[in-house]
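Written below as structure tokens is the structure these notes are about.
All values below were derived from every heavy atom in this structure, side-chain atoms included, with hydrogens, water molecules and symmetry-related copies excluded. Lettering of chains follows the sequences in order, A, B, ..., and the numbering in each one begins at 1.
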Amino acid sequence: MGEDLGKVKKQIEELRDKIRYHNHLYYVLDNPEISDYKYDNLMNQLIDLEAKHQELITPDSPTRRVGAQPIAAFGTITHTIPMLSLNNSYSIEELRTFDLRVRRSLSLDEVQYISELKIDGLAVSLIYEGGQFVRGATRGDGFVGEDVTHNLRTIRSIPLRLSGEFSHLDLEVRGEVYMSLKDFQRLNEEKVSVGEEPFANPRNAAAGSLRQLDPRITANRRLNIFLYGIAYVRGKEFSTHWEELEFLRKAGFVVNPESKLSSDIKDVISFCEHWGDMRDRLPYEIDGIVVKVDSLVQQERLGFTAKGPRWAIAYKFPPKQVKTRVKDIIIQVGRTGALTPLALLEPVEVAGSIVSKATLHNEDYIKEKNIRIGDMVIIQKAGDIIPEVVKVLKDERQGNEDPFKMPDICPVCGGEVSRSDGEATKRCLNISCAARLKESLIHFASRDAMDIEGLGPATANQLIDAGLIHDAGDLYHLNEEMLLKLERMGDKSVENLLKAIEESKGRDFSRLLIGLGIRHVGKEGAQLLARHFKSIETLKSATFEELKKIHEIGDVIANSIVSFFKEERNLYLIQKLKEVGVKMGIEDSTELSTKELPFEDKVFVLTGKLETLTRGEAQKRIEELGGKVSSNVSKKTDFVVVGEEPGLKYDRALELGVTILKEPKFLELLDKPIEKKAVRLSFSTLLE
DNA sequence: GCACCTCGAGTTCA
DNA sequence: CTCGAGGTGC
């Protein structure tokens with residue numbers, strides 16, 4: 001009996017190896033001779049055997065790719081190293097500027113670049129522990145993504161287990177999940193044949209497939225992946241990006257074969273131009289070229305900005321352009337009173353979606369492009385998302401097109417409109433303008449502000465039109481009876497909305513500040529103010545001079561804050577909010593969200609005298625940012641901050657190889673929110 | 001006074 | 001995502 005089992009085990013192992021080899025040929029070597037039929041055949045044999053001998057099923061068996069049950073919802077995964085996005089460039093000229101900046105910063109005449117095709121899919125991160133694929137996540141906002149492990153397992157080009165010398169490794173790699181044009185067409189034909197809406201483009205199809213709760217659906221969608229980067233490989237060091245790509249290939253991942261190493265920007269540019277012409281011949285869609293500095297040492301020296309690495313840039317191909325007609329131009333009034341002209345267009349399809357509107361920004365923009373109502377225009381999607389009018393086809397004018405004139409009064413309230421010096425926008429000055437109130441309310445409830453779920457533009461409109469509320473303060477006096485009268489408001493939505501409103505009372509102080517809508521005070525500014533003033537009372541009584549003392553706050557912002565608190569209407573609103581129990585200050589130290597805690601769980605030791613801060617202040621700042629200060633250097637210490645005349649702790653830090661921060665660098669980390677993300681990055685790398 | 005970098009505000013569609 | 005404007009540092 002035992003012998004039989006051994007035999008079956010061997011048989012199963014053989015089948016698994018054959019299937020893996022098949023996958024390798026199909027995906028890695030892209031061999032067209034490989035048939036799906038043979039794959040299915042092998043898989044079926046394996047499934048049968050495993051069904052009979054369930055004790056022999058291992059987590060890396062190819063059958064496990066499809067075995068998972070549907071899940072109820074996606075979990076989230078915090079990336080150990082953030083998945084930052086890249087700066088974009090839309091012209092060859094910008095590539096040259098990029099090159100100049102890189103070489104100037106490095107003080108080098110020559111820099112090696114790697115150019116890679118930019119696959120139009122969605123970025124994911126794959127985590128392996130002990131050579132096993134254990135978790136995978138989408139990019140999300142770069143810091144926290146969705147756990148899509150169950151769906152990634154169905155992608156046959158993702159090895160469930162690394163083989164040979166890699167079989168024990170812990171690593172995290174980054175790649176782009178995409179759907180080939182062939183599979184995209186096949187999928188859409190299928191969808192249409194069963195009466196469903198087809199996907200607009202392969203990227204949407206890939207994204208939609210990866211976000212399926214049921215992995216069996218994903219498995220049928222034939223997703224694919226190219227790996228292009230390494231977050232870390234425990235115990236391994238690389239010196240160039242090219243080496244990283246080589247490693248990925250050897251470890252069994254699929255790396256795009258078209259990457260190219262160049263020793264000057266001219267070569268990079270011709271690579272971009274070449275693929276700009278040839279992109280249609282590829283079996284998958286690309287939307288540009290990613291250019292990276294090859295040397296990792298140089299990458300580190302260049303560092304990051306808030307937007308992304310300074311050592312890489314994405315060259316985007318010119319977007320698809322489409323012709324349509326401007327049916328009309330209307331005016332929208334924003335919460336700050338800004339009058340924004342909006343072109344209503346004859347609906348057309350552009351890059352996978354139907355476009356019927358495009359912003360015209362302001363009157364100068366219209367004048368400069370000479371846009372008239374009735375004109376035929378060329379439109380495109382900037383960054384593949386936001387429609388914009390590129391130019392007017394003047395040759396096609398019939399003579400009956402109307403020039404557009406910005407109104408001299410507010411189209412909503414009829415109030416006075418003005419355009420102050422140097423400003424591009426005209427604004428309605430009436431602080432009680434219905435449009436402004438409405439927009440302010442929407443802003444108050446929005447995600448970055450008080451985050452009241454269920455209170456979007458539509459509901460806000462209903463509430464105001466029904467006369468139920470006049471400002472944000474009234475929200476907190478709504479009750480069931482009032483809401484049930486509204487259209488499309490059932491028991492459930494009323495209950496949810498009231499609950500959401502109630503919950504918003506306890507939102508962080510900074511969110512309230514965003515919600516109030518003080519001009520020039522957004523997310524960052526509000527957090528800055530909340531940290532400095534701690535309560536609405538202290539902020540209200542702050543003088544222009546006090547405000548200006550704060551780093552990042554200049555004349556304009558200080559002025560705007562002071563005048564906000566002089567306005568009767570605003571004081572009244574604050575009063576009302578306070579009365580109903582909305583939180584008006586920082587009450588405890590938990591207010592800083594994880595995003596602002598770049599020093600979380602990091603242990604600092606201070607030694608020597610600092611020039612700009614006292615010990616106490618430095619300690620306070622570190623703790624505010626989530627770090628701990630300890631008095632002795634040990635293996636657990638992450639950073640030693642060194643001032644003038646450092647003591648023995650400095651020697652001990654050198655001994656233990658703890659990272660040493662001199663004062664200027666330390667201050668930079670404390671002060672510059674931008675650098676914080678980069679700090680997180682180096683933390684994680686240091687942990688390895 | 002200029003160059004550079006951030007942030008705020010407005011925006012579209014599925 | 002982009003534009004414009006604010007703030008800072010050279």
Round to a whole Å and report the spacing from [atom1] of [X] to [atom2] of [N].
X	N	atom1	atom2	answer
A:R335	B:dG10	CZ	C1'	10 Å
A:L360	B:dG10	CG	C1'	13 Å
A:N87	C:dC3	CG	P	14 Å
A:I557	C:dG6	CD1	P	8 Å
A:H443	B:dG8	NE2	P	10 Å

Who passes side-chain contact (heavy atoms from CB on, under 4.5 Å) against [X], sequence neighbours left out?
X	value
A:P198	A:N188, A:V192
A:A314	A:L86, A:N88, A:K118
A:Q380	A:P319, A:Q321, A:E388, A:V390
A:R279	A:I286, A:F317

Both A:P341 and A:V521 contact DNA chain B. Taking the nearest nucleotide for each, which residue is further toward the 5' end?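 Between the two, 5'-proximity favours A:V521.
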
Checking A:N151 side chain against A:L210 main chain: does a donor-acceptor pair fall under 3.5 Å?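 The answer is yes, because a donor-acceptor pair under 3.5 Å joins these two groups.
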
Counting only side-chain nitrogens and oxygens, does A:R101 get under 4.0 Å of the OP1 or OP2 atom of B:dC5?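 It does, given that an N or O in the side chain of A:R101 lies less than 4.0 Å from OP1 or OP2 of B:dC5.
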
Taking 4.0 Å as the cut-off, does a side-chain nitrogen or oxygen of A:T425 come that near to OP1 or OP2 on B:dA9?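 So the side-chain polar atoms of A:T425 never come under 4.0 Å of the phosphate oxygens OP1 or OP2 of B:dA9.
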
A:T340 has a side chain; which of B:dG8, B:dT11, B:dC4 sits nearest to it?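 So the nucleotide nearest the side chain must be B:dT11.
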
Closest to side chain of A:R519, choosing from B:dA9, B:dC5, B:dC7: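 Nearest to the side-chain atoms of A:R519, counting from C-beta on, is B:dA9.
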
Pairing residues for A:R221 by the side-chain hydrogen bond (donor to acceptor under 3.5 Å, both in side chains) criterion, not counting sequence neighbours: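 Here the qualifying residues are A:S209.
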
Applying side-chain hydrogen bond (donor to acceptor under 3.5 Å, both in side chains), can you list everything that pairs with A:Y113, at least two apart in sequence or on another chain?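 Partners of A:Y113 under the side-chain hydrogen bond (donor to acceptor under 3.5 Å, both in side chains) test: A:D99.
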
Which residues share a ring pair (Phe, Tyr, Trp, His ring centres under 6.0 Å) with A:Y178, sequence neighbours left out: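 In terms of ring pair (Phe, Tyr, Trp, His ring centres under 6.0 Å), with neighbours along the sequence ignored, A:Y178 is linked to A:F226, A:Y284.
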
What nitrogen or oxygen pairs link the protein and nucleotides 8-10 of chain C at under 3.5 Å?
from  : atom 1 : to     : atom 2 : distance (Å)
C:dT8 : OP1    : A:E552 : N      : 2.8

Measure all distances between protein nitrogen or oxygen atoms and nitrogen or oxygen atoms of nucleotides 12-14 of chain B, and list the pairs falling under 3.5 Å.
from   : atom 1 : to     : atom 2 : distance (Å)
B:dC13 : OP1    : A:S356 : N      : 2.8
B:dC13 : OP1    : A:K357 : N      : 3.3
B:dA14 : OP1    : A:I354 : N      : 3.3

